[in-house]
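Below you'll find the structure, written out as structure tokens, and then a few comments.
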Amino acid sequence: MIKYLIIKVTGKCNLGCGYCYYMNDLAEPFRRRMARETITEIYNKYAEYARSHALRQVVFCWHGGEPTLLGKETFRWMLEKQAECLGDGLQVRNLMQSNGTLFDDEWAELFKQHNFSIGVSLDGSAESHDVDRPYHNGKGSYADVVDSLKVLARNNVPFGVLTVMNPELNGRDVFEHHYALGIRNMDFTLPILSYDSFEAIYGQGAVVKFARFMCELFDAWVEKNDPAVSINSLENLSRMIAGGASRHCNTTNRCDRYITVEPNGDVGICENARVIENTDNHPVDYYLTKTNIATHSFDEIEQAVANNFAVHEYNRRGELCLSCSVKDICNSGCSVHRYRKETGFQNPSFFCELYKQVISHIARFYQTELGKITIGEAAM
Ligand code: SF4
Ligand code: SF4
């Protein structure tokens, strides 16, 4: 069932981040604002789908480009329309992923009124953030992001910060930086690249540096021992090491839980798949489902997503993973990190060494602290 929709309301952004897989490779049809007709179509068709399948909850994750570039008036209209079309019997959760440069009290009021949770991108201190996340004129965005976080905090809007890990930084320093800013809900992500582009961008040996970053981060987090601090990806690995279930797509080997709606109504699977290049060098082939909100029902979209996964075998794991001692924790990681032109998805993640080192590091901590966690030998 489709229960999580990433809605790309605009293909434009006021920042020019060097690593952005969306803006830096965006095909012309997506460089636009989503029309009000498209938004209305999404609501009406989803209402029909939810009714016919007796669905009770849906998540709308407002995304871009930078979604706030649509302006408050348009957002107000979208949210009123949402209540009008989806209000009856369906619980709607609104999320927004933003670069956090444009929030003010009026935005915060709107977020509160419609029960939003906001994710803001912040890549560490001004020094590193401003290099990675500048405006188009080269000026850094750090000061504006920090101002926006203060706006959200003083208006009691729930928010978290998402940080792209930087192998040249120390995970502990980044954690302490965020903590000092008052951020308690934080998460850290690996760069979204395929085998074919990772080494060209980060160079040899980078995986081990990413692993070091994550271990430093974990150590800083547990030493802080503040129950108010949440780091979703580390909590997830900890839970799995202790025998619990995964709550993170990267460690479930399931990629069919999200759909992405582009500004022109085209529907893709998880948008991270857009970085995968096929042999003819058409990255969108793996990503798009050849359906559009204007012409397809959600039942048809669901079927197209299933076909896409079946044809490309996104979740097919290789022999090495199937015989790996931490295979049930790592679950081969994000499919994008397993893709290679020659062999498709049937490879270990190129972050394999990171998973082994980080799982081992976390497990050792819990073994020492709790004395009862056991995991496979290869990780120890
Ligand atoms: S640690 Fe490596 S080999 Fe083991 S499941 Fe993960 S990607 Fe596969
Ligand atoms: S492609 Fe990666 S990020 Fe997207 S759903 Fe699959 S595992 Fe998650």
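Numbering starts at 1 and runs along the sequence shown. Counting convention: from 1, in listed order, for ligands and their atoms alike.
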Sub-6.0 Å ring centroid separation between His63 and Tyr258 | no

Polar side chain donor-acceptor pair, Gln303 to Asn307, under 3.5 angstrom = yes

Of all the atoms in ligand 2, which lie at a distance below 4.0 Å from a heavy atom belonging to Tyr258?
-> 5 (S)

Candidate with minimal heavy-atom separation from atom 1 (S) of ligand 1, of Lys356, Glu319, Gln357, Glu353 = Lys356

If you scan protein heavy atoms around atom 2 (Fe) of ligand 1, the nearest is Cys352 SG, 2.4 Å

Looking only at protein heavy atoms, what sits closest to atom 8 (Fe) of ligand 1 is Cys321 SG, 2.3 Å

Numbered atoms and elements of ligand 1 in range of Arg317, under 4.0 angstrom, heavy atoms = 5 (S)

Kindly say whether the aromatic ring centers of Tyr286 and His312 come within a distance under 6.0 Å.
-> yes

For Tyr4, which of Thr260, Leu95, Val58 qualifies under side-chain contact (heavy atoms from CB on, under 4.5 Å)?
-> Leu95

Derivation and outcome, side chain to side chain contact (heavy atoms under 4.5 Å, CB included), residues Val9 and Met78 = CA-CA 11 Å; Val9 284; Met78 289 189 332; 4.2 Å; yes

One finds that the ligand 1 atoms under 4.0 Å from a non-hydrogen atom of Lys327 are 5 (S)

Residue Arg184 excluded, over 12 heavy atoms near CZ under 6.0 Å = yes

Linking I/L/V/M/F/W/Y whenever their side-chain heavy atoms sit closer than 4.5 Å, directly or via other members, would Leu122 and Leu102 fall into one cluster?
-> no

Taking everything shown except Lys150 itself, do over 12 heavy atoms lie less than 6.0 Å from its NZ?
-> no

Hey, is Lys72 close enough to Glu109 for a salt bridge, meaning N to O under 4.0 Å?
-> no

Ligand 1 atoms in contact with Ser349 (distance to a heavy atom under 4.0 Å) = 7 (S)

Is a side-chain donor-acceptor pair under 3.5 Å present for Asn331 with Thr252?
-> no

Would you please name every residue forming a ring pair (Phe, Tyr, Trp, His ring centres under 6.0 Å) with Phe351, sequence neighbours left out?
-> Phe198, Phe210, His337

Taking only non-hydrogen atoms of Cys330 and a 4.0 Å limit, the atoms of ligand 1 in range are 1 (S), 5 (S), 6 (Fe), 7 (S)

Any idea which protein heavy atom is nearest atom 4 (Fe) of ligand 1, and the distance to it?
-> Cys324 SG, 2.4 Å

Against heavy atoms of Val326, which atoms of ligand 1 measure under 4.0 Å?
-> 1 (S)

Ignoring waters, protein N/O/S atoms under 2.8 Å from atom 6 (Fe) of ligand 2 are Cys255 SG

